[in-house]
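Following: one structure in structure tokens, then a few remarks.
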Amino acid sequence: MAEHAKPAWDFHGGLHIEDHKEKSLGAPVREAAVAPRLRIPLQQHIGNAAEPIVQVGEQVLKGQLIARASDYVSANLHAPTSGTVVEIAEQPIAHPSGLPSDCIVLESDGDDRWIELPEPLADYARLDPADLRERLRWAGIVGLGGAVFPTSVKTNTTGRVVDTLIINAAECEPYITCDDRLMQDQPGDVIDGALILQHIVAADQVLIGIEDNKPRAIAALRAEIEARGIANLSLRVVPTKYPSGGEKQLIYLLTGLEVPSRGLPLDVGILCQNVATTAAVADAVLRGRPLISRIVTLTGNGVAAPGNLRVPIGTPIQSLVEQMGGYTAQAHRLIMGGPMMGFALPSDDLPVVKGSNCFIVASEDEIPDPAPASPCIRCGECVKVCPARLLPQQLYWYARSRDFDKTQDQHLFDCIECGCCAYVCPASIPLVHYYRFAKTEIWAGERERQKSDHARRRHEFHDARLKRQEAERQARLRKKKEALRDKPATGKDPKKAAIEAAMKRVADKKAAQNQEQEKET
Ligand code: SF4
Ligand code: SF4
């Protein structure tokens, strides 16, 4: 029976919307077939792109490292199956910008043969957290809830105190059910991963936050927790309201603590991890497996048999659709992510990446095409629903007029791009597009500023070096002059004296040679 939650705290705004989740929840997660060709983008995470360490023509095994993290904030990539690297080049990928990106293209050999994996770390509780973070870094684990931030970096809380680890199992966006199915099918992995993460960040307690529209997942997790008799780990059921899975919103719902503007959960002693990331952590630590696949929801009226598949990273979306019975006659739009935060894709010939939690093949009436925008009528509806307590219409005005300083004064970076404002806007203004545009422009400006600061510092350094070198040269000259001045006076010009001495040496040598010749004759 469904469990209805009454939390002590509730965040401002949000929406109660039809969740459409039952469509894809019917069956357990199936393993997807390996497609003949996988396209693995080098940039699937926040931070720098990974650097390929394989060559075209090279044979690789499943789980083999094929691209190395190029920086601290970057992530390793491993081969999702065995086969041959046939290309390393720019390829189209699923990204809101629509721009292509460098990918490793792998042709499967059909054997799906694993490389030898590192030792499982079953005794993780005795290990140093730094060694466990190193395992997560090796495994290429990133946040699977959409943030795709490298987990080894996020869990490096050295010098900060973590009171509470929150496992985000809210999965609040309509249609998406990959986390729900994961919790139903693998509750043990979720709990294992939560305990490993608790050890890594030394959290006093773990709270798993889940919406009350997931009764089967709640039951599965509760049974697992009770069977193990785990202390300091509890399941907290919250009411279904979008976007309760927003990090700040969930923290408030579970603890009543507010993360400061532009601050981090760590500022209030909290670290959040998505539930699928948690299971991937268990896989890496307890089985030595890298992140080479993920659970993906494929749903909507446009697909014949909606459901969830565990999919090798790099699989083309069209292959998933085929495995779910193909398109129906109603198929109209393809969306990656949910209807609130996702974006439309131009084609299904694009690869699944670590951050792909859902694809919706929507019919025309299910998720209609955006209506043409009309002018803002200042109705204030967007303000009522904003969970970040922002003034969306003001943000829109400033972003539209490119007054980026003002957007920052209005806390643009507290906007979680949940889409609630755009959803209720009677003028159909694509508000989130404006906020994304403003953020991108500010970041680009910031990068330019950093670049010019760097160039200015280099110039100043170069200038200072030249001045220092000139000063050193002057000092050497001065020293020489002083040395000459301090030499005992001979009454002669030192230059002239040196020439005379040289001439005398030559004359002495010549005289010695003449004497030798005379002796011989
Ligand atoms: S909901 Fe739309 S029309 Fe209403 S104030 Fe906000 S931006 Fe303007
Ligand atoms: S998208 Fe941003 S401004 Fe709009 S409701 Fe969500 S948090 Fe508020």
Side-chain angles (χ1 to χ4, degrees), residues 9-19 96 145-147 168 170-176 211 238-253 257-265 272 335-344 355 357-358 367-443:
W9 300 278
D10 188 9
F11 61 87
H12 175 264
L15 294 169
H16 295 280
I17 35 184
E18 186 70 48
D19 70 16
N168 188 342
E171 198 171 55
C172 60
E173 188 151 1
Y175 285 87
I176 310 175
E211 282 191 334
V238 299
T240 298
K241 178 168 99 162
Y242 181 79
S244 66
E247 206 167 62
K248 290 183 178 179
Q249 287 65 38
L250 189 62
I251 289 171
Y252 187 67
L253 278 169
L257 293 171
E258 287 194 58
V259 178
S261 174
R262 294 206 79 170
L264 291 172
C272 285
I335 292 165
M336 175 160 141
M340 301 297 288
M341 296 182 75
F343 55 94
N357 53 3
C358 178
I367 304 179
D369 291 334
S374 49
C376 168
I377 55 166
R378 297 181 184 271
C379 64
E381 288 304 307
C382 50
V383 182
K384 288 185 201 156
V385 296
C386 178
R389 292 183 181 276
L390 303 176
L391 299 172
Q393 84 281 32
Q394 299 265 355
L395 277 174
Y396 158 65
W397 282 114
Y398 293 135
R400 204 184 128 141
S401 54
R402 303 179 69 95
D403 193 343
F404 300 130
D405 286 345
K406 288 257 174 57
T407 60
Q408 294 198 72
D409 293 346
Q410 291 286 335
H411 308 287
L412 171 70
F413 285 95
D414 285 344
C415 165
I416 58 169
E417 299 177 18
C418 64
C420 289
C421 51
Y423 186 87
V424 298
C425 177
S428 305
I429 302 170
L431 295 165
V432 183
H433 291 205
Y434 284 95
Y435 309 148
R436 283 189 188 138
F437 159 73
K439 285 179 186 176
T440 310
E441 289 293 301
I442 292 168
W443 283 325

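When a ligand or atom number is given, it counts from 1 through the structure's own listing order. Along the sequence shown, residues carry numbers from 1.
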Given Tyr396 and Tyr434, is the ring pair (Phe, Tyr, Trp, His ring centres under 6.0 Å) satisfied, shown in steps?
CA-CA 6 Å; Tyr396 158 65; Tyr434 284 95; 4.9 Å; yes
Do Ser244 and Glu211 pass the side-chain hydrogen bond (donor to acceptor under 3.5 Å, both in side chains) test, and can you show the C-alpha distance, the side-chain angles, and the key distance before you say yes or no?
CA-CA 8 Å; Ser244 66; Glu211 282 191 334; 2.6 Å; yes
Chi angles and distances behind the side chain to side chain contact (heavy atoms under 4.5 Å, CB included) call for Val385, His12
CA-CA 7 Å; Val385 296; His12 175 264; over 6 Å; no
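Scanning the protein for heavy atoms near atom 2 (Fe) of ligand 2, the closest one is Cys415 SG, 2.4 Å. Ile416 N, 3.5 Å is the protein heavy atom nearest to atom 7 (S) of ligand 2. When only non-hydrogen protein atoms are considered, atom 6 (Fe) of ligand 2 lies nearest to Cys418 SG, 2.3 Å. Looking only at heavy atoms of the protein, atom 8 (Fe) of ligand 2 is closest to Cys386 SG, 2.4 Å. In terms of protein heavy-atom proximity, atom 4 (Fe) of ligand 2 is nearest to Cys421 SG, 2.3 Å.
Within the 4.5 Å cutoff, side-chain heavy atoms of Ile442 are placed close to those of Thr407. Looking at His411 and Arg389, their side chains never come closer than 4.5 Å, going by heavy atoms from C-beta outward. A heavy-atom distance below 4.5 Å is found between the side chains of Arg262 and Gln408.
Aromatic ring orientation, Trp443 versus Phe413: tilted (interplanar angle from 30° to 60°).
Against a heavy-atom cut-off of under 4.0 Å, Pro387 is close to the following atoms of ligand 2: 5 (S). Taking every heavy atom of Tyr435 and a limit of under 4.0 angstrom, the matching atoms of ligand 2 come to 3 (S), 4 (Fe). Residue contact check: Gly419 has heavy atoms under 4.0 Å from atoms 1 (S), 6 (Fe) of ligand 2.
Note: Cys272 SG to Ile251 CD1 = 4.0 Å, rounded to the nearest 0.5 Å.
In this structure, Leu431 falls outside the shell of residues with a heavy atom less than 4.0 angstrom from ligand 2.
A salt bridge is absent between Lys248 and Glu258; no separation between the charged side-chain nitrogens and carboxylate oxygens falls under 4.0 Å.
Only protein N, O or S atoms were considered, and those under 2.8 Å from atom 8 (Fe) of ligand 1 are Cys376 SG.
At most 12 non-hydrogen atoms from other residues, nucleotides or ligands lie less than 6.0 angstrom from NZ of Lys406.
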